[in-house]
J.: 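Quick one: this structure, given as structure tokens, is what I'll be asking you about.
Convention: sequence-line order gives letters A, B, ...; per-chain numbering from 1.
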There are 2 protein chains.
Amino acid sequence: MDAEVNERWPTVVDMTATPATRRSDATRAAILRAARERFAADGYDRATIRAIAADARIDPSMVMRYYGSKEGLFAAAAEFDLRLPELTGVPAGRLGELLVRHFLDRWEGDETMVALLRAASTNAGAAERMRDVFADQLGVAVARVAPDPAGAPRRAGLVASQMLGLALTRYVLRLPPVADADPAELVAWVAPTVERYLRGEPATPR
Amino acid sequence: MDAEVNERWPTVVDMTATPATRRSDATRAAILRAARERFAADGYDRATIRAIAADARIDPSMVMRYYGSKEGLFAAAAEFDLRLPELTGVPAGRLGELLVRHFLDRWEGDETMVALLRAASTNAGAAERMRDVFADQLGVAVARVAPDPAGAPRRAGLVASQMLGLALTRYVLRLPPVADADPAELVAWVAPTVERYLRGEPATPR
DNA sequence: GTCGTTTGCCAACAACCGTTGGCAACGGTA
DNA sequence: TACCGTTGCCAACGGTTGTTGGCAAACGAC
């Protein structure tokens, strides 16, 4: 299964006093950067190792040596932290605004999330990672501010549905009214939705 | 470009008095059904013509003859009509409920939409069709009920972001709190969001 | 300088893909 | 009957993919 990835330090003795640099680290980083770009632009299947290697100006076989397989490369490239701010103590009515603005900022500045989203449609591993990101990171953050502990997972799921829908229509599908909108305007429209999902009255089927 | 698809009637004379049946129609339908299933389950790239042909129990070359190319097959399989009901005249406060319920019903009963959604992440043609479906069908329906003509496209885009986000988290990512939820409960939670996007006060950035 | 490790490239493999052309069987028409 | 368009399968093509093994250069430790 695991292809004996070269991921350990030289035996016996360190190369330098500062432990964390090898000559190949620049190559590793270049591969990772090119991989994120390609996965974000093309999705998992269409992003080929050959194209990624060409972008990083190295041989395709280097990708295999450093990351073991295409799946391994993707796993490394799709490491993602939502970097959610602390939500407790945010004044009533400001939580939605804070969250929507944070998501938009986070996505504009880091294409990893778009790569993960594009890949998750066809790659089972990417979908699972997406589930983990939202269940773990968003899930626990929401649990700390939800008025009802039992309802927290559903509230988090609803927030995820709106935020991922926003990301899908804006960055992947590029639906014009959403893709061209000013971020501040999107925040103004969507914030009340998120606020209600987080702290509003539990909805009951009629 | 077009591969001379065999899509016309026998020359000179009809085979039968009823014009619309050929012996191959059953095969065509079987291909289309298998294609929708595969595209929905695997996305555009991973759904191979060979696999679709195997599901339909015919030779892969038949797919080419009847649909010209893989792109042509997808175009035929991803024909989709939202079948939106008439929205004008719906009493205030009931529009969101009606729409959310309609979308959920439409998606549970027809996997075409999921196929389109999965494929749209990596296939440019699928993304364009998705844009068209929501701009044309949802766009015009929303324009008839929006209080401000100029704001209608944005309102439609926001509704699309929430509805597609729901489809993504429920049917593609299968995020547990959304995928396992009772449809009625989802309607209760999401309907007010859609109602506000459709007819609420225009949001202004602060 | 010498030796072992690291870094990189090249060439190739096996598998799979969409696509094509040809050929046999069938089924109505005359 | 002979004929001709339709339906279907088979075998193969050219291209691309992930992946592998070997070899040459660069490098650091001694």
J.: Nearest to the B/Lys70 side chain among C/dG8, C/dG18, D/dG18, which nucleotide is it?
T.: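 Selected nucleotide (nearest to the side chain): C/dG18.
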
J.: Yes or no on side-chain contact (heavy atoms from CB on, under 4.5 Å) for B/Val63 and B/Leu73, after CA distance, side-chain angles and deciding distance?
T.: CA-CA 8 Å; B/Val63 178; B/Leu73 172 64; 3.8 Å; yes

J.: Between the protein and nucleotides 12-16 of chain D, list the N/O to N/O atom pairs that are separated by less than 3.5 angstrom.
T.:
unit_1, atom_1, unit_2, atom_2, d
D/dA12, N6, B/Arg50, NH2, 3.4

J.: Side chain of B/Ser61: nearest nucleotide among D/dC10, D/dT7, D/dT20?
T.: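 Among the listed nucleotides, the one closest to the side chain of B/Ser61 is D/dC10.
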
J.: Ignoring the backbone of A/Ile49, work out which of D/dT19, C/dG8, C/dG18 is nearest its side chain.
T.: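 In terms of side-chain proximity for A/Ile49, the closest of D/dT19, C/dG8, C/dG18 is D/dT19.
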
J.: Compare the minimum distances between each of D/dG8, C/dG18, D/dT20 and the side chain of A/Met64, then state the nucleotide with the smallest one.
T.: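 Output: D/dT20.
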
J.: Of the nucleotides C/dT19, D/dT7, D/dT19, which one has an atom closest to the side chain of A/Pro60?
T.: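 Nearest to the side chain of A/Pro60 among the choices is D/dT19.
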
J.: So which one's nearest nucleotide on DNA chain C is more toward 5', A/Ile58 or B/Glu71?
T.: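 First, find each residue's nearest nucleotide; the 5'-ward one identifies A/Ile58.
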
J.: In whole angstrom, what separates A/Arg65's CZ from D/dT20's P?
T.: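 Rounding to the nearest Å, CZ of A/Arg65 and P of D/dT20 are 12 Å apart.
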
J.: Starting at CG of A/Asp59 and ending at C1' of D/dG18, how long is that distance when rounded to a whole Å?
T.: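 To the nearest whole Å, that distance equals 13 Å.
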
J.: Hey, are B/Arg33 and B/Glu111 close enough for a salt bridge, meaning a charged N less than 4.0 Å from a carboxylate O?
T.: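 A salt bridge is absent here (no side-chain N lies under 4.0 Å from a carboxylate O).
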
J.: What integer distance in Å separates B/Arg46:CZ from D/dG18:C1'?
T.: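 Rounded to whole Å, this separation is 13 Å.
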
J.: Going by an N to O cut-off under 4.0 Å, is there a salt bridge joining A/Asp110 and A/Arg106?
T.: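 Judged by the 4.0 Å cut-off on N to carboxylate O distance, A/Asp110 and A/Arg106 do form a salt bridge.
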
J.: Under 30°, 30 to 60°, or over 60°: which ring-plane class applies to B/Phe74 and B/Tyr44, parallel, tilted or perpendicular?
T.: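 Correct class here is perpendicular.
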
J.: Quickly work out the A/Leu73 CG to D/dT17 C1' distance and round it to whole Å.
T.: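 Value for this atom pair: 15 Å.
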
J.: In this structure, how many angstroms lie between the P atom of D/dC9 and the CZ atom of B/Arg57, rounded?
T.: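 B/Arg57 atom CZ is separated from D/dC9 atom P by 12 Å.
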
J.: Rounding to a whole Å, what distance do you find between B/Asp45:CG and C/dG18:C1'?
T.: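 So the two atoms are 12 Å apart, to the nearest Å.
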
J.: When the distance from OH of B/Tyr67 to P of C/dG18 is rounded to whole Å, what number comes out?
T.: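 Taking OH of B/Tyr67 and P of C/dG18, I get 16 Å after rounding.
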
J.: For B/Ala77, is there any backbone N or O sitting under 3.5 Å from a side-chain donor or acceptor partner on B/Arg36?
T.: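 Side chain of B/Arg36 to backbone of B/Ala77: a pair is present.
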
J.: Side chain of A/Tyr66 only, please: which of C/dC9, C/dT7, D/dT7 is the nearest?
T.: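 Nearest to the side chain of A/Tyr66 among the choices is C/dT7.
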
J.: May I ask you to check whether A/Arg196 and B/Thr193 show a side-chain donor-acceptor distance below 3.5 Å?
T.: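 Per modelled atom types, A/Arg196 and B/Thr193 side chains form a pair under 3.5 Å.
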
J.: Once salt bridge (charged side-chain N to carboxylate O under 4.0 Å, His left out) is applied, what residue pairs with a partner in residues 142-159 of chain B remain, sequence neighbours excluded?
T.: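 Output for this query lists A/Glu185-B/Arg154, B/Glu86-B/Arg144, B/Asp148-B/Arg155.
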
J.: When you compare the side chains of A/Ser161 and A/Tyr197, does any donor N or O come within less than 3.5 Å of an acceptor on the partner?
T.: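 Their side chains do not contain a donor-acceptor pair, so the 3.5 Å distance test is not met.
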
J.: In terms of side-chain heavy atoms, does A/Asn123 have a donor or acceptor partner in A/Glu71 at a distance below 3.5 Å?
T.: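 A donor-acceptor contact under 3.5 Å links the two side chains.
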
J.: To the nearest 10 degrees, how far apart in direction are the end axes of the helix from C/dG1-D/dC30 to C/dA30-D/dT1, each fit to five base pairs?
T.: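 The two end axes of the helix from C/dG1-D/dC30 to C/dA30-D/dT1 meet at 10°.
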
